[in-house]
**Student:** 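Take a look at the following structure, please.
The figures that follow rest on heavy atoms only: side chains count, while hydrogens, waters and symmetry mates do not. Heads up: numbering here begins at 1 and tracks the sequence. Every value quoted in this text rests on a predicted model; they were computed, and no experiment measured them.
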Amino acid sequence: MTEQLVYPLLLMLASLDSPAQAQPRAPVQAQTQQQIPRAYQGEWNMRVKDCGTSRNDSTLRLRPDSIAYFESTGPVKTAVTRGKELVLVAELQGEGETRLHAAHFQLSRNGRTLTDVTSTPPLVRYRCPARRN
């Protein structure tokens with residue numbers, strides 16, 4: 001892993017232990033993976049009625065080895081999980097450029113919402129129903 005990937009990842013991991021989020025709990029070890037775990041995979045949207053469409057720019061698709069936003073997509077370089085938290089570093093292409101992107105997500109206990117805590121304010125997306133072909 002290059003320094004370009006390590007630095008954003010370390011910043012994201014440091015945010016996992018911010019004092020505002022600190023709560024008494026059993027220690028959970030972070031796990032580094034090359035793929036996005038199944039619990040996070042799928043389509044997510046701010047409005048479930050817009051799932052499967054391009055009616056708004058909140059669409060997020062997480063596949064085992066890639067992430068796709070409304071106008072940017074790319075391969076996941078590394079994924080780190082701890083409990084219901086996921087930190088990704090991806091190499092996104094879109095809007096005429098290629099860039100490294102770090103994202104920090106929080107999955108709800110029931111797995112129905114995914115909050116992007118790197119957004120200000122945090123952006124809550126809802127799990128889209130699986131599409132049938």
Side-chain angles (χ1 to χ4, degrees):
M1 194 176 329
T2 67
E3 285 183 33
Q4 291 176 325
L5 292 176
V6 172
Y7 185 69
L9 182 60
L10 290 176
L11 289 175
M12 298 302 293
L13 287 173
S15 74
L16 293 176
D17 283 327
S18 68
Q21 296 174 345
Q23 298 175 1
R25 58 185 168 174
V28 177
Q29 296 293 321
Q31 298 178 6
T32 303
Q33 301 151 57
Q34 290 298 325
Q35 292 194 330
I36 296 172
R38 182 180 295 267
Y40 299 89
Q41 293 176 27
E43 182 181 351
W44 302 86
N45 204 303
M46 283 179 57
R47 294 186 303 248
V48 175
K49 69 180 183 178
D50 290 340
C51 289
T53 73
S54 56
R55 288 193 288 240
N56 72 61
D57 60 2
S58 73
T59 299
L60 171 68
R61 288 182 183 88
L62 298 176
R63 293 186 175 91
D65 57 358
S66 67
I67 183 172
Y69 291 98
F70 184 69
E71 292 183 338
S72 299
T73 187
V76 170
K77 298 299 182 181
T78 193
V80 178
T81 58
R82 188 179 75 182
K84 294 285 189 177
E85 294 175 281
L86 171 67
V87 173
L88 298 176
V89 176
E91 188 172 38
L92 295 183
Q93 294 181 350
E95 301 176 14
E97 66 179 18
T98 300
R99 68 189 190 288
L100 284 177
H101 173 75
H104 180 186
F105 299 106
Q106 176 76 43
L107 186 65
S108 65
R109 288 180 194 236
N110 65 10
R112 293 184 185 151
T113 63
L114 186 69
T115 303
D116 183 343
V117 296
T118 51
S119 294
T120 305
L123 176 64
V124 177
R125 292 180 175 96
Y126 298 89
R127 183 181 295 280
C128 292
R131 295 193 310 192
R132 301 188 200 284
N133 294 333

**Student:** Atom CD of residue position Glu97 - does it have more than 12 heavy atoms of other residues, nucleotides or ligands inside 6.0 Å?
**Tutor:** yes
**Student:** Just wondering, do Gln34 and Asp65 contact through their side chains at under 4.5 Å, heavy atoms?
**Tutor:** no
**Student:** Of all the heavy-atom pairs spanning Arg125 and Leu123, show the shortest one and how long it is.
**Tutor:** NH2-CD2, 3.3 Å
**Student:** Side-chain atoms of residues 68-76: list all donor-acceptor pairs with protein atoms under 3.5 Å, sequence neighbours left out, distances to 0.1 Å.
**Tutor:**
residue	atom	partner	partner atom	Å
Tyr69	OH	His101	NE2	2.9
Thr73	OG1	Ile67	O	3.2

**Student:** In sequence, state the C-alpha distance, the side-chain angles, and the governing distance for Leu88 and Tyr40, and then conclude on side-chain contact (heavy atoms from CB on, under 4.5 Å).
**Tutor:** CA-CA 11 Å; Leu88 298 176; Tyr40 299 89; over 6 Å; no
**Student:** Which heavy-atom pair separates Ala30 from Val80 by the least distance, and what is that distance?
**Tutor:** CB-CG1, 3.9 Å
**Student:** Would a distance-only check, ignoring hydrogens and angles, find a side-chain to backbone donor-acceptor pair under 3.5 Å from Arg55 to Lys49?
**Tutor:** yes
**Student:** Do you know the tightest heavy-atom contact between Leu86 and Pro37?
**Tutor:** CD1-CD, 4.1 Å
**Student:** Indicate the atoms forming the closest heavy-atom contact of Gln106 with Val117, along with that distance.
**Tutor:** CB-CG1, 4.4 Å
**Student:** Compare every heavy atom of Glu43 with every heavy atom of Arg61, then report the nearest pair and how far apart it is.
**Tutor:** NH2-OE2, 3.7 Å
**Student:** May I ask you to check whether over 12 heavy atoms, not counting those of Arg112, lie within 6.0 Å of atom CZ?
**Tutor:** no
**Student:** Side-chain contact test, heavy atoms from C-beta onward, threshold under 4.5 Å: evaluate it for Phe105 versus Leu60 and give yes or no.
**Tutor:** yes
**Student:** How far apart are the C-alpha atoms of Leu114 and Arg127, what are their side-chain angles, what is the distance that settles it, and do they pass the side-chain contact (heavy atoms from CB on, under 4.5 Å) test?
**Tutor:** CA-CA 7 Å; Leu114 186 69; Arg127 183 181 295 280; over 6 Å; no
**Student:** For Val124, what are the other residues in its hydrophobic cluster, where any two members join if their side-chain heavy atoms are less than 4.5 angstrom apart?
**Tutor:** Val48, Tyr126
**Student:** Minimum heavy-atom separation for Val28 and Gly83, please, with both atom names.
**Tutor:** CG1-N, 3.5 Å
**Student:** Checking side-chain hydrogen bond (donor to acceptor under 3.5 Å, both in side chains) between Asp50 and each of Asn45, Thr59, Asn56, which is the one that passes?
**Tutor:** Asn56
**Student:** Tell me, do Val87 and Glu85 make a side-chain contact under 4.5 Å, heavy atoms counted?
**Tutor:** no
